[in-house]
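Encoded as structure tokens, the structure appears first; notes follow it.
Since the model is a prediction, treat every value here as computed from it, not as a measurement.
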Amino acid sequence: MTAPVVIAVDGPAAAGKGTLARRLAAELGLPYLDTGLLYRAVARRVLLSGGLPTDPAAAEAAAAALTPEDLRRPDLRAPDTDQGASQVAAQPPVRALLLEFQRVFAARNGAVMDGRDIGTVVCPDARVKIFVTASPEARAERRWLERRAKGEAIPLEEVAAEMAVRDARDAARDVAPMRAAEDALVLDTTGLDADAAYEAALRLVRARLDA
């Protein structure tokens, strides 16, 4: 029996991995899971309860109580949720609670999943692993433009500083730090628009699947 096809798309914030993963899933007819939403939803539950995402007890309780409806909240991309997601993701009990959900999702019918540790921890046997990256300057500008489009008046320098803090936290955490898997295909999107990045990613995926 052929194992379901799992494609892991990892990388830092604003590198373009979410857009790529969604388009790849649609092209290949595979389910899609934005695993970052799981951590964002946990952070939002903590914040709504009046707690702090850095509080291990509050974060673990929120992860244990997570429901599918939490993943459909409209405020999961808010700046406080953005930082909170990184804070709860650094906590081993939270990651343990969400790990099984992700693996079951992938094993059911295959999947394209994006996150920071899909290829290294969640699905280390994924058929294809892509690590999507871009320069810090390019990523900061992309996130700044996203937030400006939402009506936020925020200096580019502040966005860059926030992202630098999150990058450092994600890369330095003890459990499942953000890094490229040894067998990952690295895609730098610094000089690519969305369509060019997608075409490059699709070529990498097809080459690996056909190998």
Side-chain angles (χ1 to χ4, degrees), residues 8-22 25 31-106 111-118 121-123 132 139-140 142-154 158-178:
V9 183
D10 291 308
K17 63 183 183 297
T19 301
L20 286 179
R22 280 190 293 271
Y32 165 68
L33 178 63
D34 175 358
T35 64
L37 280 184
L38 299 175
Y39 296 97
R40 289 175 178 275
V42 170
R44 179 49 59 184
R45 284 190 71 102
V46 173
L47 292 169
L48 288 174
S49 71
L52 295 173
T54 51
D55 178 358
E60 185 173 358
L66 200 66
T67 69
E69 288 70 29
D70 288 315
L71 302 181
R72 293 191 282 270
R73 292 187 57 88
D75 53 1
L76 296 184
R77 300 289 178 182
D80 58 347
T81 308
D82 193 48
Q83 288 297 321
S86 181
Q87 291 164 343
V88 300
Q91 301 176 37
V94 172
R95 302 196 72 85
L97 284 166
L98 300 180
L99 180 60
E100 186 63 20
F101 177 92
Q102 296 173 70
R103 286 179 170 169
V104 169
F105 183 95
V112 178
M113 303 169 66
D114 76 77
R116 284 166 172 73
D117 66 342
I118 307 304
V121 175
V122 179
C123 297
V132 184
R139 295 191 296 110
R142 291 171 187 174
R143 183 54 50 85
W144 176 64
L145 290 172
E146 289 175 5
R147 292 173 66 171
R148 280 188 60 190
K150 295 176 182 177
E152 292 184 48
I154 182 171
E158 183 175 337
V159 175
E162 289 177 356
M163 294 187 68
V165 169
R166 181 170 186 182
D167 286 349
R169 184 189 301 121
D170 289 346
R173 65 193 180 208
D174 293 333
V175 177
M178 179 183 66

Could you pull out the closest heavy-atom pair between [X] and [Y], with the gap in Å?
X      : Y      : value
Val46  : Ala62  : CG2-CB, 3.6 Å
Ala25  : Pro31  : CB-O, 4.2 Å
Gly84  : Ala43  : C-CB, 3.4 Å
Pro177 : Ala171 : CB-O, 3.4 Å

Is the side chain of [X] donor-acceptor paired with the backbone N or O of [Y] at a distance under 3.5 Å, no angle test?
X      : Y      : value
Asp10  : Ile118 : yes
Arg139 : Ala13  : yes
Lys17  : Asp114 : no
Ser86  : Gln83  : no

If I take atom [atom1] from residue [X] and atom [atom2] from residue [Y], how far apart are they, to the nearest 0.5 angstrom?
X      : Y      : atom1 : atom2 : answer
Leu37  : Arg44  : CG    : CZ    : 12.5 Å
Arg40  : Asp75  : CZ    : CG    : 11.0 Å
Met178 : Arg116 : CE    : CZ    : 6.0 Å
Leu76  : Asp70  : CG    : CG    : 8.0 Å
Met163 : Arg142 : CE    : CZ    : 9.0 Å

- Note on the structure: From the list Leu33, Val122, Thr35, side-chain contact (heavy atoms from CB on, under 4.5 Å) with Phe101 holds only for Leu33
- Message: Could you work out, with salt bridge (Lys or Arg N to Asp or Glu O under 4.0 Å) as the rule, every residue matching Arg166, not counting sequence neighbours?
- Response: Asp82, Asp170
- Item | Set of side chain to side chain donor-acceptor pair (under 3.5 Å) partners for Gln102, sequence neighbours left out | none
- Item | Intermediate values then yes/no, side-chain contact (heavy atoms from CB on, under 4.5 Å), Val159 and Glu152 | CA-CA 11 Å; Val159 175; Glu152 292 184 48; over 6 Å; no
- Message: I'd like to know whether Leu66 forms a side-chain contact (heavy atoms from CB on, under 4.5 Å) with Leu38, so could you lay out the CA-CA distance, the side-chain angles of the two residues, the decisive distance to 0.1 Å, and finally the verdict.
- Response: CA-CA 8 Å; Leu66 200 66; Leu38 299 175; 4.3 Å; yes
- Item | Electrostatic pair Arg147-Glu162, nearest N-O below 4.0 angstrom | yes
- With a 4.0 Å cut-off, would you call Arg143 and Glu146 a salt bridge? yes
Distance-only donor-acceptor pairs under 3.5 Å for side chains of residues 88-95, two or more places apart:
| residue | atom | partner | partner atom | Å |
| --- | --- | --- | --- | --- |
| Gln91 | NE2 | Pro53 | O | 2.7 |
| Gln91 | NE2 | Gln87 | O | 3.3 |
| Arg95 | NH1 | Ala89 | O | 2.8 |
| Arg95 | NH2 | Asp117 | OD1 | 3.2 |
| Arg95 | NH2 | Asp117 | OD2 | 2.5 |

- Val9/Tyr32 under side-chain contact (heavy atoms from CB on, under 4.5 Å): CA gap, chis, key distance, verdict: CA-CA 11 Å; Val9 183; Tyr32 165 68; over 6 Å; no
- Yes or no on side-chain contact (heavy atoms from CB on, under 4.5 Å) for Leu97 and Val42, after CA distance, side-chain angles and deciding distance? CA-CA 11 Å; Leu97 284 166; Val42 170; over 6 Å; no
